[in-house]
Structure formats: structure tokens, C-alpha cells
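Order of the sequence lines sets the chain letters (A, B, ...), proteins ahead of strands, with each chain counted from 1.
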There are 2 protein chains.
Amino acid sequence: MKQEIFKNMLREKGLKVTNQRMLVLELMAERPGQHLTAEEIYDLARQTYPEIGLATIYRTVQVLVDLSVIDKVSFDDGFARYELGGVDRESRHHHHHAICNRCGNVFSFQGDLLDTLEQALLDRSGFLVTDHEVKLHGYCRECREAMEEEQDGKS
Amino acid sequence: MKQEIFKNMLREKGLKVTNQRMLVLELMAERPGQHLTAEEIYDLARQTYPEIGLATIYRTVQVLVDLSVIDKVSFDDGFARYELGGVDRESRHHHHHAICNRCGNVFSFQGDLLDTLEQALLDRSGFLVTDHEVKLHGYCRECREAMEEEQDGKS
DNA sequence: TTCGATGCAAAATGTTTGCAGCGAT
DNA sequence: ATCGCTGCAAACATTTTGCATCGAA
């Protein structure tokens, strides 16, 4: 069970296993691929634990980030967001986001094309890359089709 | 003169040419490659124009971003930052950042290796990329050398 | 029993906005 | 003379922190 692994991770760090921490883990684990804000996690958590505080959510996601259970991401909309981390280091390293300018949906995809770029950077300037973030902005298929239709209607 | 081009850009948009706007442009133009926060721009601006307000800085950088004179970037340290934009669309598209985890310095570099990835994404899922952000995290040469020395000292 | 974790409220932080007066056109 | 721009202060929104209490170990 995943929860047992998490409990051991907490114990190894000398942290306590609390209902709040287990609940937030569960909420995140149930929603792989989603990018939740603290407020969204708070709202979800209150459905089963109404007395939980927003500050606890912030403190708990920090713990989960420190344990590499979730990752903090930002789409520059003023909110920090959290998503379930990949299983291993490699899959996380190759996890990227494509954000649609029109509908705002975020599409995740995998790609290892940066490896070449990172090697070149190391050779050229001595910078050793340990992590990276790639955000692509553009238009998803649905929005592109919708925009073409709008265009057709006009002409 | 670059300033005249900027004045015309403002006029074309029906915006007024003010001392504050010219000053902020000048400050940014003098510092290519730097990533300044609003507060930093504010401090620089007050050196020659002490009565300027921080709100004006925020409003002015927004104007400059809209005119594509500068770009807004974020290194997730809680500050929005602004840097002089590349001359053309292509050079901006291939402008990336490598951020050192130890000294916090930001190194800019050019690279077009994402073009392949973006074409693959379009083919596979219909997502058309119009812009992208790449942030690499790691250790710069100086910090790597410093860290090796620290390590040597210990053993 | 101990000391970390929680909930609440207050504080902090970066950014935005309302408004009266100023200044470019 | 107009109407957009500015400076100031207040408002905002997200996140952090202080503190008394709670609860896991």
C-alpha cells in the first residue's frame, strides 16, 4: 500500500503521521495529472475533514514537496500548483507542460530532447543541469478547430 | 536612436510619451541580459527621478511588455522580473535560462533544440506551440568548483 | 509526557486599483 | 482644454507566521 510507504517516509524524517497529512496525500494520489492550487486542495480536504485549516494545507504540501511525493509548479496565474510526482527521477525529469492560451487547459507530455541541450551546455559553459522546467504556450487541437470555425464564419 | 522608435510605438498605440516611460525604457536598455524586479527598477529610477512611484513602475513595465520591448519572466522566487527582449521573434523564442541552485545567478543561452519537440507535439496531439519557456536548474561552473573544494577540505 | 502539528487570526509580501491632481497632446 | 498618466494610499490575493492548544509517539 502506498500509504504505508508514505508513513515510513515521514517517520524516517522524524515527522509525525497525522490525519491531515494522510488526507492530503490521498487527495493528491487520487488525482494524478491534475495541477491543484492550495485553495483547491483545501476545498477538497474540507469535504471529509471540515475543521482543517488552510495553513495546514500549505504546510503539508511543503512536506510532500520535500519528500518528492508531489511537485510544485506554476503557470504564472498567481497560484502555486501541486501535482503528483512521477514514480522515478527520470520520468519526472522528462515531464513537461503545454498550456493552451485559449482554454487554459494544461497538457502534460514526456520528452527527452533536452538531454542533448543539457549536455551541450555542460560542455560549453560548465553548467551542470540537475532539473528543468519546460512550459510550452500555444493552442490545443480543440481550440485551433474552434478558432478556424470562427474564422470561417466571418469570411 | 532607439528612443525615437519607442516614442513612435507609444504614439501608434495612442499612449503618451512621458518622462517616466522614457526613463524606465532607458534603464532597461542599459541593462541587457539582466532580470530586474519591479522594486529594482524602482530603486534605479528614483536615482534620477526621486518622485516616481512604484505603481508607475508596474504600469510602465506592463506597457513595455505589451509593446514587446521587454519580457516578463519568473524564477519562482516570488518576484516577477523583466528583461530586455530580443531584437526579433526568433532570438526571443530560442532564449533560455539556466539558474544556479547555489549562487542564484541566472545564465542565459540560446538553443533551438525544442523545435523538434514542438513539431512532434503538433504531429502527435495537434497542439500548436507559439511560445515557450525553458528553465534549467543546476550548478554553474564556479559553484561546482567551490563545492569540490569544500568536499576536498572535508576528506 | 513530550514536542511536533494544527487551527485560527494576524502579518507579510508582491501587485493592483481608486482617485485627485498633473501634464502631454 | 482634454483626457490619459502619475503618485499616493488603500485594497487585494496568496502565502507565511505566532501562538495556544491538540495529539502522535
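The closest side-chain heavy-atom distance from B:Phe6 to B:Leu67 is below 4.5 Å.
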(message) Set out, in order, the CA-CA distance, both residues' side-chain angles and the distance that settles ring-ring contact (aromatic ring centres under 6.0 Å, His included) for A:Tyr139 and B:Phe127, then state yes or no.
(response) CA-CA 6 Å; A:Tyr139 297 93; B:Phe127 193 101; 8.0 Å; no
(request) Check the pair B:Tyr82 / B:His35 against ring-ring contact (aromatic ring centres under 6.0 Å, His included), numbers first and verdict last. (result) CA-CA 5 Å; B:Tyr82 302 89; B:His35 313 94; over 10 Å; no
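When heavy atoms are screened at a 4.0 angstrom cut-off, A:Glu51 is found touching the sugar-phosphate backbone but no base atom. In this structure, B:Tyr42 reaches neither bases nor backbone, as no heavy-atom distance under 4.0 Å exists between it and the strands shown.
Under a cut-off of 6.0 angstrom, the local environment of CD in A:Gln110 is crowded, with over 12 non-hydrogen atoms contributed by other residues, nucleotides or ligands.
Atoms CG and NE2, from B:Leu121 and B:His132 in turn, are 12.5 Å apart once rounded to the nearest 0.5 Å. Summarising the geometry, atom OH belonging to A:Tyr49 is positioned 3.5 Å from atom CD belonging to A:Gln20; distances are rounded to the nearest 0.5 Å.
Taking atom CG of B:Asp76 as the reference point, atom P of C:dG14 lies 14 Å away to the nearest angstrom. In this structure, the CD atom of B:Glu40 is 11 Å from the P atom of C:dT15, given to the nearest Å. The CD-P distance, from B:Glu39 to C:dT13, rounds to 11 Å in whole Å. Spacing between atom CG of B:Leu23 and atom P of D:dT6 amounts to 11 Å, rounded to whole angstrom units. Counting to the nearest Å, the P atom of C:dA12 and the CZ atom of B:Phe79 are 16 Å from each other. Atom CD in A:Gln62 sits roughly 15 Å away from atom C1' in C:dA5 (whole-Å rounding). When the P atom of C:dG23 is taken as reference, atom CE of B:Met22 falls 18 Å away, rounded to whole Å. Taking atom CZ of residue A:Phe6 and atom C1' of nucleotide D:dA24, one finds them 14 Å apart after rounding to whole Å.
If you check residues 9-21 of chain B against DNA chain C, the residues with a heavy atom closer than 4.0 Å are B:Lys16, B:Val17, listed by number.
Between B:Leu54 and A:Thr60, it is A:Thr60 whose nearest contact on DNA chain C lies nearer the 5' terminus.
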Can you tabulate the close N/O pairs, meaning under 3.5 Å, that link protein atoms to atoms of nucleotides 17-22 of chain C?
{"residue": "C:dG18", "atom": "O6", "partner": "B:Arg59", "partner atom": "NH1", "Å": "3.4"}

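B:Arg21 places a side-chain N or O within donor-acceptor distance of the main-chain N or O of B:Lys16, the cut-off being under 3.5 Å. Formation of a donor-acceptor pair under 3.5 Å by the A:Lys2 side chain with backbone atoms of A:Glu26 is not found in this model.
Among the candidates B:Lys72, B:Glu40, B:Gln34, the single residue satisfying the side-chain contact (heavy atoms from CB on, under 4.5 Å) test with B:Arg81 is B:Glu40.
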